[in-house]
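Reading through the structure tokens given below for one structure.
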Amino acid sequence: MTDTVQTDLDARTRELDRAHVFHSWSAQALIDPPVLAGGLGSTVWDHSGRRWLDFSSQLVNVNIGHQHPAVLAAIHAQVDQLATVAPATAALARGEAARRIVDRAPDGFEKVFFTNGGADANENAIRMARLHTGRDKVISTYRSYHGNTGAAIVSTGDWRRIPNEYARGHVHVFGPYLYRSEFWATTPEEESERALRHLERVVQAEGAASIAAILLETVPGTAGILIPPPGYLAGVREICDRYGIVLILDEVMAGFGRTGRWFAFEGYDVVPDLITFAKGVNSGYVPVGGVIISDAIAGDFDETVFPGGLTYSGHPLAAASIVGALDAMEAEGIVDNARRIGAEAIGPGLEELAERHELIGEVRGEGVFWALELVSDRDARTPLTAGAMGEIKKGLSARGLLPFVQDNRIHVVPPCVVTDDEVAQAMTIYDEVLGIAGRD
């Protein structure tokens, strides 16, 4: 097609979007989303050919990169064989997907309940915990996001919970975040110890016998990529064991390569009772999520009906995409690449930026899961204003980088397949934009 026709397609896309698409988490008249028409690996483009490095991974989910041929081939093959089946049937693709997932889980996890995404994965994990314990309350942190369904959004701690608080039995605590400590801590060890003491006191004050689950993102993502301090997650496990509480770890964003490990919790000396997943398990090529269930909880439903289900649970196209994605990630060393490039390229590159730009208050992360916390005053740790962050976002996009900007942070979250050269290009763009912002 000619350049004019391609430009017309971009205009047509914007026209249709403005006229008919209702966007999530947005005031509809105030948004102007970028047009995306294609992608490959860590790069996306519009119809007219304008290109961006995708350092957002869309919603931190395209771990294997855009248009990976193995995932596309797996979906195509399943389409040709059988495009859909009911969840009450047995389907080979579903079984193969479940086997590949539990093969990477800890010992004592043999069953997967498939959902349509991360929110309903957390929803069903909460349901399982309540049924297993006969208790009601769920404890989660204020700095968290667990999805936009009934219990998941009320488990969420950020502002999105407040207009949606219709589910019962939810309690929130402060988790560890040394840079903005709620506990007057000065070291990671103090932050861990005091956050655990706070959590246990809330358990005691709420009545331990009323608490079904503690639900945590292993590494809180949207809340700021908050790496757990030493001993914290292991300490939460001990509290759960002491009081008979189910530990649910939300790996929706952090799982399947994002931290440079198959599961983020593998780096923190902890094994949960339920593991929720979505996003990176198939990089979002087809909507899917799920709960990996410990044998003790799965056994509750051997003779008792589990009172939950979804029309598209274990949809064959989603299952096939999981098989294609996980096999390719294994064969191509994609999780190892995420670990290496975080340690050798992204982390050092961001630290160099922090040395040059006073706007950067803290760098934190691992794998392909990093955050730059931006401040107007390093000593006071004053968050950079929304207006300044908006200008930074525009500047990054104008220079060919699709960013993930949240509050006063830039989340540096490229696909796990990102190359050293692409990281170097991104660092140059971040450097230029932060340099301009720092002079304003």
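Sequential numbering from 1 along the given sequence is applied to the chain's residues.
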Heavy atoms only: give me the nearest [X]-[Y] pair and the separation to one decimal.
{"X": "Val219", "Y": "Leu226", "result": "CG1-O, 3.8 Å"}
{"X": "Asp120", "Y": "Gly117", "result": "OD1-O, 2.6 Å"}
{"X": "Ala320", "Y": "Gln78", "result": "CB-CB, 3.6 Å"}
{"X": "Ile239", "Y": "Leu196", "result": "CD1-O, 3.7 Å"}
{"X": "Gly231", "Y": "Ser192", "result": "C-OG, 3.6 Å"}
{"X": "Val252", "Y": "Lys279", "result": "O-CB, 3.1 Å"}

Decide side chain to side chain donor-acceptor pair (under 3.5 Å) for Thr259 and Glu366; before the verdict, give the C-alpha distance in whole Å, the side-chain angles of both, and the deciding distance to 0.1 Å. CA-CA 5 Å; Thr259 62; Glu366 56 182 338; 4.7 Å; no

For [X], look at atom [atom1] and say whether over 12 heavy atoms of other residues, nucleotides or ligands are found less than 6.0 Å away.
{"X": "Asp80", "atom1": "CG", "answer": "yes"}
{"X": "Asp269", "atom1": "CG", "answer": "no"}
{"X": "Tyr312", "atom1": "OH", "answer": "no"}

Output yes when a side-chain donor or acceptor of [X] lies under 3.5 Å from a complementary backbone atom of [Y], and no otherwise.
{"X": "Asp273", "Y": "Ser294", "result": "no"}
{"X": "Thr89", "Y": "Ala86", "result": "yes"}
{"X": "His146", "Y": "Gly157", "result": "no"}
{"X": "Ser283", "Y": "Asn63", "result": "yes"}
{"X": "Arg194", "Y": "Phe183", "result": "yes"}
{"X": "Ser321", "Y": "Ala318", "result": "yes"}
{"X": "Arg381", "Y": "Gly361", "result": "no"}
{"X": "Asn337", "Y": "Cys416", "result": "yes"}
{"X": "Tyr285", "Y": "His68", "result": "yes"}
{"X": "Arg378", "Y": "Ile360", "result": "yes"}

Set out, in order, the CA-CA distance, both residues' side-chain angles and the distance that settles side chain to side chain contact (heavy atoms under 4.5 Å, CB included) for Leu16 and Val21, then state yes or no. CA-CA 7 Å; Leu16 290 168; Val21 178; over 6 Å; no

Could you check if a side-chain atom of [X] sits within less than 4.5 angstrom of a side-chain atom of [Y], using non-hydrogen atoms only?
{"X": "Arg237", "Y": "Val271", "result": "no"}
{"X": "Ile101", "Y": "Leu326", "result": "yes"}
{"X": "Val291", "Y": "Lys111", "result": "no"}
{"X": "Tyr268", "Y": "Val236", "result": "no"}
{"X": "Leu40", "Y": "Thr43", "result": "no"}
{"X": "Pro383", "Y": "Asp407", "result": "no"}
{"X": "Thr141", "Y": "Pro220", "result": "no"}
{"X": "Leu216", "Y": "Tyr232", "result": "yes"}

Using side chain to side chain contact (heavy atoms under 4.5 Å, CB included), reason through Ser397 and Arg50 one step at a time and then give a plain yes or no. CA-CA 11 Å; Ser397 181; Arg50 183 183 180 194; 4.2 Å; yes

Indicate the ring-plane relationship of [X] and [Y], choosing parallel, tilted or perpendicular according to the 30° and 60° boundaries.
{"X": "Phe263", "Y": "Phe265", "value": "parallel"}
{"X": "Phe404", "Y": "His411", "value": "parallel"}
{"X": "Trp25", "Y": "Tyr145", "value": "perpendicular"}

Could you give me the CA-CA distance, side-chain angles and deciding distance for Leu215 and Ile139, then say whether side chain to side chain contact (heavy atoms under 4.5 Å, CB included) is met? CA-CA 6 Å; Leu215 167 62; Ile139 295 178; over 6 Å; no

Is it true that [X] and [Y] make a salt bridge, defined as a side-chain N closer than 4.0 Å to a carboxylate O?
{"X": "Arg364", "Y": "Glu373", "answer": "yes"}
{"X": "Arg100", "Y": "Glu330", "answer": "no"}
{"X": "Asp10", "Y": "Arg14", "answer": "no"}
{"X": "Asp420", "Y": "Arg340", "answer": "yes"}

Just verifying a value: how many Å separate [X] [atom1] and [Y] [atom2], rounded to the nearest 0.5 Å?
{"X": "Gln28", "Y": "Asp17", "atom1": "CD", "atom2": "CG", "result": "9.0 Å"}
{"X": "Ile346", "Y": "Phe55", "atom1": "CD1", "atom2": "CZ", "result": "6.0 Å"}
{"X": "Leu374", "Y": "Leu434", "atom1": "CG", "atom2": "CG", "result": "6.0 Å"}
{"X": "Leu402", "Y": "Ser42", "atom1": "CG", "atom2": "OG", "result": "11.5 Å"}
{"X": "Leu317", "Y": "Ile75", "atom1": "CG", "atom2": "CD1", "result": "7.0 Å"}
{"X": "Ile392", "Y": "Arg409", "atom1": "CD1", "atom2": "CZ", "result": "13.0 Å"}

Test Phe277 against every option in Ile292, Thr115, Val288, Asp250 by the side-chain contact (heavy atoms from CB on, under 4.5 Å) rule and name the one that passes. Ile292

Pair [X], [Y]: side-chain N/O donor-acceptor within cut-off below 3.5 Å:
{"X": "Arg258", "Y": "Ser57", "answer": "yes"}
{"X": "Glu217", "Y": "Ser144", "answer": "no"}
{"X": "His357", "Y": "Asp431", "answer": "yes"}
{"X": "Thr419", "Y": "Asp421", "answer": "no"}

In this structure, which one of Arg161, Glu123, His170 forms a side-chain hydrogen bond (donor to acceptor under 3.5 Å, both in side chains) with Ser155? His170

Going through the distances and angles, do Thr222 and Gln406 end up as a side chain to side chain donor-acceptor pair (under 3.5 Å)? CA-CA 7 Å; Thr222 305; Gln406 181 72 31; 5.7 Å; no

Could you walk me through whether Leu36 and Trp45 pass the side chain to side chain contact (heavy atoms under 4.5 Å, CB included) test, one step at a time? CA-CA 6 Å; Leu36 297 185; Trp45 52 84; over 6 Å; no

Between Thr276 and Asn122, does the side chain to side chain donor-acceptor pair (under 3.5 Å) criterion hold? Intermediate values first, please. CA-CA 6 Å; Thr276 60; Asn122 285 320; 2.9 Å; yes

